[in-house]
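Structure first, commentary second.
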Protein chains: 2
Amino acid sequence: MNEKPRSATTKDRLVAAAYELFEERGFDATTAEDIARRAGVGRTTFFRAFGSKDDVIFPEHDQLLGRIDERLAAATPATRALALSEATRVVLRHYLDEGELARARYRLVGSVPALRARETGGIQQYQRLFARWLREWMSDLPDGHLRADLLAADLVTAHNYVLRRWLRGQTSDPESEFDQAMRVALERYQPSGLEPSSAVVVLRTSATPAAIQAQLQPLLDSEEP
Amino acid sequence: MNEKPRSATTKDRLVAAAYELFEERGFDATTAEDIARRAGVGRTTFFRAFGSKDDVIFPEHDQLLGRIDERLAAATPATRALALSEATRVVLRHYLDEGELARARYRLVGSVPALRARETGGIQQYQRLFARWLREWMSDLPDGHLRADLLAADLVTAHNYVLRRWLRGQTSDPESEFDQAMRVALERYQPSGLEPSSAVVVLRTSATPAAIQAQLQPLLDSEEP
DNA sequence: CTGTGTATTGGTACTCCGTACCTTATAGAC
DNA sequence: GTCTATAAGGTACGGAGTACCAATACACAG
């Protein structure tokens, strides 16, 4: 009852045709009919597959938002900092996996103001999702809601900082730059007034040593890689 | 050689007509011709005054950006924290002065996704302007560019936090909430690893005591109000 | 194989946005 | 008065997005 492979193929052909034409003649000079024709389908089919011309460039945000939400929902109070970092990493990995497609989108969005607005709208959705969880987690701190909004903005900004460096080809190791960026961003996440280098870990005494090790390892890895 | 009063009146009538119609029948159900007709002008005149239907809602961003840029350009190394706070306050004051108009825009933008995207695009412009200055000021710190981007995001986020509370009628003293929000946001602005409660002040020895007092007073005010 | 219901696609027509271009009118300059 | 410049209205056009209808492909029961 999901999508059939044939349907995915049609969408993929449309995306490929769109990127080709956008790079050939620019976004504004390309009509929806041009894209449809090159993909070998009718104009109607194009608008059925993508609600608008912009949507060809920005697909599947909803899916990413869902994965972030899942990751944050699974966090325990002791692992929240890690969950924030990992949820953000989900987005980074998505773009890294896209490879050249992500770079083509970056070039395109950078040259078309209308698409820029659309992209920042998508980014804002991530930020609001993070803020929703963080407000819940930090609501009893002084200025908790404000600090939650700030941390959400920092996470998204740190992500974009690393992503854009990678998109521009300014880094060959985005993952470790991302680790460092997350460390800086998460300086804001200090539930109590502890030293930045300390950590609070809560473990069930009934847990096996192996389980404890499994939970601790990623925390330690993210501290000193 | 600037605008004539008559021209301003026409634009004002169009803005008023647009807000009326948007609240009556909604944004999408209102055509550009409807607005022009109610304002008593032709459709062509509407598009000459505002480049698009969205522009009726978001005017004069360029002017605000210019004032922020001026304020930041005038900062000396010792007064940069204050300049950041004051530049952000320029934006807040602008919306406070608009009064009910700002609230009408807020209601409208909240209900029309297309306008939301447009608004976040404008916000992003502020953020990028702050980031441009901050990158210059912080470029020799470790992770300076990243920290500059984060602080820019924090300033904009803190501003929006207070502004939205005021727009929703959740505060009667936005200015002092803004002071507190700026204090929290500027925690990120620690050029060296000093205690958060300390400050670095550089003064010319040739300055008169009165001039020193004038420069110090706002800094002290923003520390402990 | 045939008939029937269903889902996907293509086609046509429509509204509206935004732009280009042309015409008109109003207001000074002389 | 005429001449010219500037603001305004009118018309026409291309393209986005929507609604609706026709055609075709497909599944499956009989």
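Here is the naming used below: chain letters follow the sequence lines, and residue numbers restart at 1 for every chain.
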Rounding to a whole Å, what distance do you find between A:F50:CZ and D:dT18:C1'? 18 Å
Hey, are B:E100 and B:R107 close enough for a salt bridge, meaning a charged N less than 4.0 Å from a carboxylate O? yes
Using distance alone, with no hydrogens and no angle criterion, decide if A:R183 and A:Q180 have a side-chain donor and acceptor under 3.5 Å apart. yes
Could I get the full list of ring-ring contact (aromatic ring centres under 6.0 Å, His included) partners for B:Y19, not counting sequence neighbours? none
Going 5' to 3' along nucleotides 10-22 of chain C, which nucleotides have protein heavy atoms under 4.0 Å from the base (write B), which only from the sugar-phosphate (write S), and which from neither (write -)? BBBB--SBBB---
Give every residue pair that meets the salt bridge (Lys or Arg N to Asp or Glu O under 4.0 Å) criterion with at least one member in residues 30-44 of chain A, sequence neighbours excluded. A:E20-A:R38, A:E24-A:R38, A:R25-A:D34, A:D34-A:R37
Determine, for B:R89 against B:E86, whether the closest basic-nitrogen to carboxylate-oxygen distance falls under 4.0 angstrom. yes
